[in-house]
Structure formats: structure tokens, C-alpha cells
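Remember, predicted model here, so these are calculated numbers, not experimental data. We name chains A, B, ... by the order of the sequence lines, and we start the count at 1 in each one.
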Amino acid sequence: MLDINLIRKDPDRVRQALINRGTDPGPVDEILALDAQRRAIIVRAEQLRALRNTVSKQIGQMRDEAEREAKKAEMRRVGDEIAALEDELGQVEAKLDELTAGLPNLPDPRVPIGPDETHNVIVRVHEGSLPKPDFPPKPHWEIGEALGIIDFERGVKLSGSRFYVLNGWGARLQRGLIAWMLDLRLQQGYEERYLPFMVKSQTLFAAGQLPKFRDNLYHDAEEDFWMVPTAEVPLTNLHGGEILSAEELPKLYAAYTPCFRREKMSAGKDVRGLKRGHQFDKVEMYAFTKPEESDHYLEKMLADAEETLKALGLTYRVKLLCTGDLGFAACITYDLEVWAPGVGEWLEVSSVSNTGDFQARRANIKFRRERGAKPEFVHTLNGSGLALPRTMIAVLENYQQPDGSVIVPEVLRPYVGVEVIRSPNSQLIPPH
RNA sequence: GGAAAGGUGGCCGAGUGGUUUAAGGCGGCGGUCUUGAAAACCGCUGUGGGGCUCUGUCCUCACCGUGAGUUCGAAUCUCACCCUUUCCGCCA
């Protein structure tokens with residue numbers, strides 16, 4: 001949510017930001033008109049309320065019956081007028097809120113201006129430490145099916161397209177990755193949280209998913225429950241409605257959750273393999289910071305995500321998203337893409353964003369610099385660390401051997417319990 | 001799912017229609033006293049919106065779980081919903 005004061009004071013800046021994002025700046029004028037209308041109504045209603053308050057007090061002390069009844073009648077009319085104004089105010093505010101809530105965050109000045117992903121800027125490419133394969137690499141679905149660790153057919157049988165079952169070491173590899181990533185986050189200073197995977201509407205609104213992205217979410221038809229599309233949603237609301245003290249900032253969190261997405265926008269895209277499912281696992285990073293420190297933590301979070309890929313020896317690149325590709329709540333976003341030689345693609349495994357005070361406004365998260373100081377909105381940041389299926393793809397495709405087996409990355413061996421995956425269930429001995 | 005009790009400021013807790021501008025206490029902050037501290041005493045104490053002779057120890061409105069309603073006037077009365085606790089049932 002943008003600050004209404006900012007829209008009032010500098011509408012041109014907001015209009016330009018919307019144009020840069022490739023969205024219609026039209027609502028800005030409508031918002032300004034409604035805002036003026038809103039304040040005019042408030043002034044009138046408040047005057048009437050003040051009048052009623054004082055007269056009502058007098059009525060309580062009046063002796064003269066006739067005079068009392070006359071005042072009551074008068075206040076009844078004032079009350080009707082107030083009710084009419086409140087009604088009008090309600091309509092104006094509803095429309096105003098709807099329009100304001102629909103405005104995306106303002107891009108940071110560092111964000112390159114461009115209409116779509118072709119204008120994203122590659123910040124750097126990191127060469128992984130793995131030796132280059134001297135044989136034609138296979139895509140992960142071939143590797144996984146040949147090893148018997150990914151079962152696409154049974155996934156479809158259970159739930160339809162975009163679902164799969166992981167068998168034996170395949171499941172263990174993913175579980176090992178999750179546990180290892182969480183431990184890595186702990187070392188990097190994040191506190192772990194286990195969160196609800198279903199949340200109510202307000203929680204999604206605060207994170208910026210509702211009302212705009214309703215179509216991409218799963219929800220319960222009878223109750224106000226929505227499946228989380230990312231841990232960012234519950235993490236944003238952990239401190240919703242709270243006023244934090246300056247000393248407890250920054251607050252850094254890491255959480256593992258599954259994520260549920262309809263993928264309507266991507267219908268027909270990436271239907272093969274693990275790349276894009278309706279359900280996927282993710283370890284997420286989240287930060288609540290003072291405004292002046294959010295930039296620093298954006299870089300930290302990016303470095304922490306990169307550390308994951310470095311430790312796995314993988315090749316990746318860092319992209320700075322342009323205005324046209326920027327998410328709704330973000331003012332700046334880095335994407336991390338890992339190289340997967342089997343599919344021959346750079347896969348987005350992480351997205352690290354600073355949302356400034358955009359989510360903090362929606363979720364009403366503030367902090368006090370010192371005792372007695374006026375509460376200010378915090379800044380919030382989120383970053384994947386990392387998305388599991390695509391990390392799995394990268395591991396399978398980068399660690400595949402000519403004989404079809406897959407070497408388990410060294411850092412994961414204590415978590416997975418095996419050095420080489422040759423079949424779903426070989427050497428099924430629990431690690432110690 | 002059934003029954004009962006309850007939800008008031010940072011916390012505890014009073015308040016069943018009008019000097020309540022939410023009593024009192026605890027905590028916190030400031031001060032007096034003291035060599036210093038404690039105690040005692042005095043003062044202060046939330047959030048949001050709006051206005052202005054526009055940044056002020058200023059004025060005003062709203063906020064007692066949420067939302068509607070009754071009334072000149074609602075923390076207080078009515079209705080619906082949410083949540084908490086306890087008991088019963090069910091269950092990993």
C-alpha cells in the first residue's frame with residue numbers, strides 16, 4: 001500500500017512509476033479526487049458530531065421537559081445528517097481503498113526501466129566449482145525416471161498434471177536439501193519458524209496477494225482459508241499489527257513451507273518435469289528492518305541465497321529485474337538463476353526483494369526508535385532460499401554421471417545419507 | 001460438534017444508559033527528597049484520522065474482540081460473528 005500523503009504530495013512521481021511498470025496511471029487522479037472528497041465529508045461529520053456530543057451532555061442535565069424534547073428532536077435531525085454523511089464516507093473510502101490497494105509499489109531508482117523480462121540486467125555470473133561434463137547431459141525427468149526416484153505417472157494418477165511422486169532417495173534428496181538449507185540459514189543469523197500453510201484473507205491482503213492475485217490461489221469454498229502461495233505470506237503477518245522496539249530490529253526469519261499455486265497464468269508452460277507444479281516446497285528468508293537498513297539486508301539476503309548455490313558448486317547468475325518484470329509489492333528484486341545443463345535453461349531458484357514499507361503498511365507493522373517516539377513503519381524483505389524443485393533439477397542435472405547415477409553433493413551427504421544415487425532404494429541405511 | 005464462562009489501555013482490574021475527558025493498581029518515564037540508592041511523595045503515560053491563526057504543553061473526531069442495530073447520548077442495551085478458557089464428545 002502506498003502512502004496516501006505521498007500520492008497527494010507527489011502524484012507525478014506515482015504516475016511515472018506506474019507508467020514505468022507498464023500499468024495504467026489513471027487511478028491516481030481518481031484517488032486524488034476521492035481523497036479530497038473524503039476529507040471534506042470528515043470535516044462536516046466531525047463538526048456535527050462535536051455538536052451532538054455537547055448537546056447530548058446538556059440534555060442529560062435538563063430539567064425543563066419541553067426544552068429537553070426540543071433538543072432531542074434537534075439532535076435526531078443532526079444524527080440523521082451524520083448517518084447520511086457516514087454512509088457517503090463509507091462509499092468513498094471503500095472506493096478509495098480499492099483503488100489504493102490496487103496500486104503496486106514504487107520501483108527503486110536503481111531498477112532499470114523496461115517493459116518486460118528482456119530488459120532485466122544480468123548483474124553477474126558465478127561459475128560453479130563442478131567439472132564440466134564430457135557427455136551429453138540428460139534432462140532431469142529422464143534421469144529421475146531411469147533411476148526410479150521420480151514417478152510422474154503416479155503423480156498424475158493421484159492429482160492430475162503438474163504433480164509427481166518422489167521415491168526413496170529422490171524424496172530423501174529433497175528432504176536433505178530442506179534440512180541443510182534451514183541449518184545454513186540458522187548459521188547466517190535467521191530464526192526458524194514453522195508456520196500455518198493455510199491463512200485467512202487479511203493475511204494474504206497484507207502481503208499484497210489479495211485482492212489482485214486471487215486467480216492464482218487455492219482457497220476453501222466454505223471457510224476463509226487460503227493455501228499459502230509462499231511462506232512470505234505468513235511471515236509478513238508474523239508481526240502484523242505490532243509496534244516493535246528498535247532494539248529487536250532487524251528480525252530475520254527462515255521457514256520451510258510447501259507452496260500452492262494455480263499457475264493459471266502459465267497454463268501450458270513448463271508442463272514437463274519438476275519445474276512448475278501446483279505444489280512445491282521452499283525455504284524462505286524474511287526480514288523486518290529499520291528503513292535505513294533495508295538496503296543492507298537486501299544485499300545480505302542475496303549473498304545468503306547465493307551461498308546456497310556456491311556450496312552446491314552450481315553455476316548461477318544474478319539478475320536485477322526491470323520495472324516491467326517487478327512484482328506487485330517489490331521496489332527492487334534480484335532473481336537468482338541456476339544453470340541446468342539437461343534442460344539447457346537458467347532456472348529461477350530465488351527471488352530476493354525489498355518491499356520497503358509497502359507490506360508493512362498493509363500489515364500495519366511499526367517500530368519505535370526510542371521510548372515515546374512516534375511509531376514508524378518498518379521495511380520488509382523476502383527471499384527464497386531456495387525453491388526446492390528447481391534446486392533438485394539443478395542437482396540432478398549437474399551431478400549426473402555417464403552411467404545414469406547421480407552423485408550427492410558433499411554438503412548434503414550427512415543429510416541424505418548416501419554418496420551416489422543409483423536406484424530408489426539401494427543402500428537404504430539411515431545416516432547417523 | 002455440544003455446554004458453560006469470558007474478551008476493557010504495556011499488564012492486572014473496576015465499570016449494566018449521561019461529571020467516565022475509561023476508577024484503582026502494577027510497570028514505565030520525569031521530578032522532589034537523599035552523600036548515593038531504596039522508600040515516600042508529585043507529575044506524565046496508547047493508537048489512528050481530520051482541522052488550523054499549520055508542527056503546537058493547539059483544536060477536534062474515532063477506537064473497550066469484530067460488524068450491524070436501538071437511543072438525543074452506548075464500554076454499558078439488542079442481534080450476528082470471531083477468539084480465548086474449562087468440561088464433554090471425537091481424533092493424529
Could you check A:Arg162, A:Arg276, A:Arg390 and say which one makes a salt bridge (charged side-chain N to carboxylate O under 4.0 Å, His left out) with A:Asp270?
A:Arg276
Is it true that A:Arg369 and A:Glu292 have a side-chain N and a carboxylate O under 4.0 angstrom from each other?
yes
Between atom CG in A:Leu244 and atom P in B:G46, what is the gap in whole Å?
18 Å
Donor-acceptor pair, A:Thr23 side chain versus A:Leu18 backbone, under 3.5 Å?
yes
Whichever of A:Arg8 and A:Pro375 has the more 5' nearest nucleotide on RNA chain B, that residue is A:Pro375
I need the CD-C1' distance between A:Glu247 and B:G28, as an integer number of Å.
14 Å
Within the distance-only criterion (no hydrogens, no angle test), does the side chain of A:Thr323 pair as donor or acceptor with the backbone N or O of A:Asn20 below 3.5 angstrom?
yes
Span that lies between the C1' atom of B:C64 and that of B:G6, in whole angstrom:
14 Å
Considering only atom P, compute the distance from B:C44 to B:G25 and round it to an integer number of Å.
13 Å
CZ/A:Arg154: more than 12 non-hydrogen atoms of other groups inside 6.0 Å:
no
In whole Å, what separates the P atom of B:C29 from that of B:A39?
12 Å
Roughly, in whole Å, what's the span from CD in A:Glu222 to C1' in B:C81?
17 Å
Selection from B:C72, B:G48, B:A62 that lies nearest to any side-chain heavy atom of A:Ser56
B:C72
Given A:Glu376 and A:Lys366, is the salt bridge (Lys or Arg N to Asp or Glu O under 4.0 Å) satisfied, shown in steps?
CA-CA 5 Å; A:Glu376 297 171 51; A:Lys366 298 186 168 181; over 6 Å; no
Of the candidate nucleotides B:G50, B:C61, B:G48, which contains the atom at the shortest distance from the side chain of A:Val43?
B:G50
Below 4.0 angstrom, which residues in residues 69-77 of chain A have at least one non-hydrogen atom near RNA chain B?
A:Lys72, A:Met75, A:Arg76
Any side-chain N or O of A:Arg368 less than 4.0 Å from the OP1 or OP2 oxygen of B:U47?
yes
Mind checking the P distance from B:A75 to B:G7? Whole angstroms is fine.
16 Å
When rounded to the nearest Å, what value does the distance between C1' atoms of B:G65 and B:C83 take?
7 Å
Let me know the distance between CG of A:Leu51 and P of B:G73, rounded to the nearest Å.
12 Å
For a quick test of reading the model: is some side-chain N or O of A:Arg38 closer than 4.0 Å to OP1 or OP2 of B:G50?
yes
Select one nucleotide: of B:A62, B:G73, B:G51, the one nearest the side-chain heavy atoms of A:Arg39.
B:G51
Between A:Asp10 (side chain only) and A:Leu6 (backbone N and O only), is there a donor and an acceptor less than 3.5 Å apart?
no
Taking the C1' atom of each, how far is B:A68 from B:A74, in whole Å?
14 Å
How close or far is atom P of B:C59 from atom CD1 of A:Ile42, stated in whole angstroms?
20 Å
Please give the stem ranges for RNA chain B, sorted by first residue number, where a stem is three or more consecutive Watson-Crick or G-U pairs and both donor-acceptor distances are under 3.5 Å.
B:1-7 with B:82-88, B:10-12 with B:24-26, B:27-32 with B:40-45, B:46-51 with B:58-63, B:65-69 with B:77-81
Those residues of residues 94-103 of chain A lying under 4.0 Å from RNA chain B by at least one heavy atom
none
Which pairs with one or both residues in residues 191-213 of chain A pass salt bridge (charged side-chain N to carboxylate O under 4.0 Å, His left out), sequence neighbours excluded?
A:Glu191-A:Arg193
Taking NZ, NE, NH1 and NH2 as the nitrogens, is one of them in A:Asp215 or A:Arg262 under 4.0 Å from a carboxylate oxygen of the other?
no
Hey, does the side chain of A:Lys366 come within less than 4.0 Å of B:G48's phosphate (OP1/OP2), counting only N and O?
yes
Closest to the A:Arg52 side chain: B:U60, B:G73, B:G18?
B:G73
Would you mind classifying the nucleic acid contact of A:Arg361 as base, sugar-phosphate or nothing, using non-hydrogen atoms under 4.0 angstrom?
nothing
Say you pick atom C1' in B:U47 and the same atom in B:U8; how far apart are they, in whole Å?
15 Å
Salt bridge (charged side-chain N to carboxylate O under 4.0 Å, His left out): pairs with one or both residues in residues 11-26 of chain A, sequence neighbours excluded
A:Asp12-A:Arg15, A:Arg15-A:Asp29
Please give, in whole Å, the distance from B:G46 C1' to A:Asn364 CG?
13 Å
Ignoring backbone atoms, establish whether A:Asn53 has a side-chain N or O less than 4.0 Å from OP1 or OP2 of B:C61.
yes
Can you tell me how far C1' of B:U60 sits from CZ of A:Arg44, to the nearest Å?
17 Å
Rounding to an integer number of angstrom, what distance separates B:G9 and B:G15 when you compare their C1' atoms?
14 Å
Ignoring hydrogens and angles, state whether a donor on the side chain of A:Thr203 or A:Asn237 is under 3.5 Å from an acceptor on the partner side chain.
no
What do you reckon, is CD of A:Glu410 surrounded by more than 12 foreign heavy atoms closer than 6.0 Å?
no
Got a sec, which pairs hit ring pair (Phe, Tyr, Trp, His ring centres under 6.0 Å) with one end in residues 186-208 of chain A, sequence neighbours left out?
A:Tyr194-A:Phe197
Tell me: CD of A:Glu223 to C1' of B:C81, nearest whole Å?
13 Å
From the list B:C61, B:G73, B:U21, which nucleotide is the closest neighbour of the side chain of A:Lys57?
B:U21
Sole candidate of A:Gln400, A:Glu145, A:Glu397, A:Arg272 that passes side chain to side chain donor-acceptor pair (under 3.5 Å) when paired with A:His140:
A:Glu397
